[in-house]
Amino acid sequence: MYFKQIQTPGLGCFSYVLGCPAAHVCVVVDPKRDIDCYLEIARDEGMRIIGIIETHLHADHISGGQELRAATGADIHIHPDAGVAYPHKPLSEGQVIEAGAARLEVLYTPGHTPNSVSLLVSDLMRSPEPCMLLTGDVLFVGDIGRPDLPGAAILDAQVQNLYDSLYKKLAKLPADLEIYPAHGQGSLCGRGMSAKGVSTLGYERRANTMLGYADFASFKAAILSHLPARPKSFSHIIETNRKGAPLRDACPMEREITPDRFEELMATPKTVVIDCRDTAAYGGAHIPGSLNIGFDKQLANWVGMSVAPDASILIVAADRERASAVRLELFRIGYDAILGHLGGGMPAWTQSGREVASLSQMSVRDLSRQLEGDNPPTLLDVRTDAEWESGHVAAAAHQPFADILERGVDLCFSGPVVVICGSGYRSNIIGSALAAKGCSDVRSVAGGMIAWTRAGLPVVTV
């Protein structure tokens, strides 16, 4: 049996190719939207892709199912409760799909979504006995799937489904089964996922705290505490996957835009300028009104939190290669309306004589001195509740990043504002957003709370 786990950095997505070079066939499970790697594997191993399996309707990334079907003619298999609008073959409990020596048996495991399945895998070249379980998003390495993404209306039912799937159905399976989830560290589909891509059921039963509760009531209380923020992109992604994503060829072509045209496009409705340079470069000079979301490994998640899915996007990057990489990240989460990137980057903009803005970066030492002065600035901590409770600056006001993006800032600013987060990344996003909305004196703390604590400056805990 051929088996390959494929990781999508940043989003924390795992997809899988299972098949049989001897029989020249394979299936792909939970494909990402850019499908070249699957086609290359099939070609290199002498296999034909005969099936595409979705373990559930994904919320955090656009499926590559439509792309793969267009390229290979393979059928898409998904649970009927997903309610998809495109041609597909329904998956049902106990159904078996074979690709030569690879045998996949469907287990209905709702909870993360009402349409989630897991796949019990056997390598028939060795034994009909199952050797691994593809768990989709019901069970991760070190965590379990969050039940809130399909919506508040069915949350209670989802929690019960999740408990039943984990504590009843999967509890009957052998402890030595290897588990391979659909997501890992970096994904927002859970809370505390491990960086590892594989575990065993037995180890998770011993080490995964979410599998150790004595009853449903305590499980429910734990799963509903401190749920991660739900990015504004998730509803759009779910509906795109339900309808079937447009093919890449139908999306706007990548193009380089002159400063003149760039400025014209900025004035069109629902247009957002994303500057993906690092915090120092953005702080020194940027296009007024642009949003700084640096090219971090979790760029797609931060865009999903910060930018409306129906926005038209203009990109400012250090170079053409970085702009193309950002475009790919956005393509993976369904931000297809990318108008182009600024040709020549910020040097072209500044040399054209256009207005530029800056976002001052403040050191933690300077911040400490100013907080002790006669007219201290307002210090806004935008980290999560858990981060805040673990240690914060005594003088800080707290409002989580996600809440600010959803509702705006609850505070009234009468003077300078300094924004702090964990490392300086989120504070630059919020700082740039505040400046775009007219906050005239806003700064970001370079290095964030990491720098503050490493400098030996005092913190308080809750």
Practice item. Could you give me the CA-CA distance, side-chain angles and deciding distance for Y163 and Y213, then say whether ring-ring contact (aromatic ring centres under 6.0 Å, His included) is met? Key: CA-CA 10 Å; Y163 181 84; Y213 290 97; 9.3 Å; no
Review point. Going through the distances and angles, do E67 and R248 end up as a salt bridge (charged side-chain N to carboxylate O under 4.0 Å, His left out)?
Key: CA-CA 8 Å; E67 295 281 342; R248 192 169 192 171; over 6 Å; no
Exercise for review: Report the C-alpha distance between Y282 and S358 in whole Å, list the side-chain angles of each, state the deciding distance to 0.1 Å, and finish with yes or no for side chain to side chain donor-acceptor pair (under 3.5 Å).
Suggested key: CA-CA 7 Å; Y282 179 87; S358 61; over 6 Å; no
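Of the possible donor and acceptor atoms, one in the side chain of Q5 sits under 3.5 Å from a partner among the backbone N and O of G197. With S165 contributing its side chain and L162 its backbone, the two residues share no donor-acceptor pair below 3.5 Å. Between the side chain of Y425 and the backbone N or O of G294 there is at least one donor-acceptor pair closer than 3.5 Å. The main-chain N or O of W349 is found under 3.5 Å from a side-chain atom of S352 such that the two form a donor-acceptor pair. Judged by distance alone, with hydrogens and angles left aside, the side-chain atoms of S368 form no donor-acceptor pair with the main-chain N or O of V364 at under 3.5 Å. A side-chain donor-acceptor contact under 3.5 Å links H88 to the backbone of Y86. R242 contributes no side-chain N or O that, together with a main-chain N or O of L57, makes up a donor-acceptor pair within less than 3.5 Å.
Side-chain atoms of T109 and S116 include no donor-acceptor pair closer than 3.5 Å. With 3.5 Å as the limit, one finds a donor-acceptor pair spanning the side chains of E178 and Y180. In summary, the side chains of N428 and T279 do not present any donor paired with an acceptor at a separation below 3.5 Å, with no hydrogens or angles considered. Under 3.5 Å, the side chains of E204 and S199 contain a donor-acceptor pair of N or O atoms. Side chains of N241 and E54: a donor-acceptor N/O pair is absent below 3.5 angstrom, by distance only. A donor-acceptor contact closer than 3.5 angstrom is absent between the side chains of R365 and S363.
Heavy-atom minimum distance, Q361 versus L359: NE2-O, 3.2 Å. Of all the heavy atoms in I315 and F262, the pair that sits closest is O-CE1, 3.8 Å. Nearest approach of P31 to G65, heavy atoms of both residues: CG-N, 3.8 Å. When all heavy atoms of I293 and S306 are compared, the closest pair comes out as CD1-CB, 4.0 Å. The nearest pair of heavy atoms linking V307 to A311 is CG1-CB, 3.8 Å. Between C421 and V382, the closest heavy-atom pair is CB-CG2, 3.8 Å.
Ring planes of H61 and H58: tilted class, angle from 30 to 60°. Ring pair W388/H392 is parallel by interplanar angle, where below 30° counts as parallel and above 60° as perpendicular.
With a 6.0 Å radius and a threshold of 12 heavy atoms from other residues, nucleotides or ligands, Y203 has its OH atom at or below the threshold. More than 12 heavy atoms of other residues, nucleotides or ligands lie within 6.0 Å of CG in D310, so this atom counts as buried by the packing criterion.
Of the candidates D30, V141, L133, P181 forms a side-chain contact (heavy atoms from CB on, under 4.5 Å) with just one, namely V141. No option in V418, V417, V419 other than V418 meets the side-chain contact (heavy atoms from CB on, under 4.5 Å) test with L379. Each of N161, N115, D81 was evaluated against P110; a single residue qualifies, N161, per the side-chain contact (heavy atoms from CB on, under 4.5 Å) test. Screening D336, L330, L339 against I313 for a side-chain contact (heavy atoms from CB on, under 4.5 Å) leaves a single residue, L330.
If you look at W302 and F401, their ring centroids are closer than 6.0 Å. For H112 and H183, the distance between ring centers is not under 6.0 angstrom.
Remark: E389 engages no residue in a side chain to side chain donor-acceptor pair (under 3.5 Å) (not counting sequence neighbours). With sequence neighbours excluded, the residues that form a salt bridge (charged side-chain N to carboxylate O under 4.0 Å, His left out) with D275 are R277.
Annotation: salt bridge (charged side-chain N to carboxylate O under 4.0 Å, His left out) contacts involving residues 210-220, sequence neighbours excluded, comprise D156-K220. Residues in residues 367-381 take part in these salt bridge (charged side-chain N to carboxylate O under 4.0 Å, His left out) pairs, two or more places apart or across chains: D366-R369, D381-R383. Annotation: salt bridge (charged side-chain N to carboxylate O under 4.0 Å, His left out) contacts involving residues 289-301, sequence neighbours excluded, are absent. Sorted by first then second residue, the salt bridge (charged side-chain N to carboxylate O under 4.0 Å, His left out) pairs that include residues 423-436, not counting sequence neighbours, are E387-R426.
In this structure, R354 CZ and T350 OG1 are separated by 11.0 Å, a value rounded to the nearest 0.5 Å.
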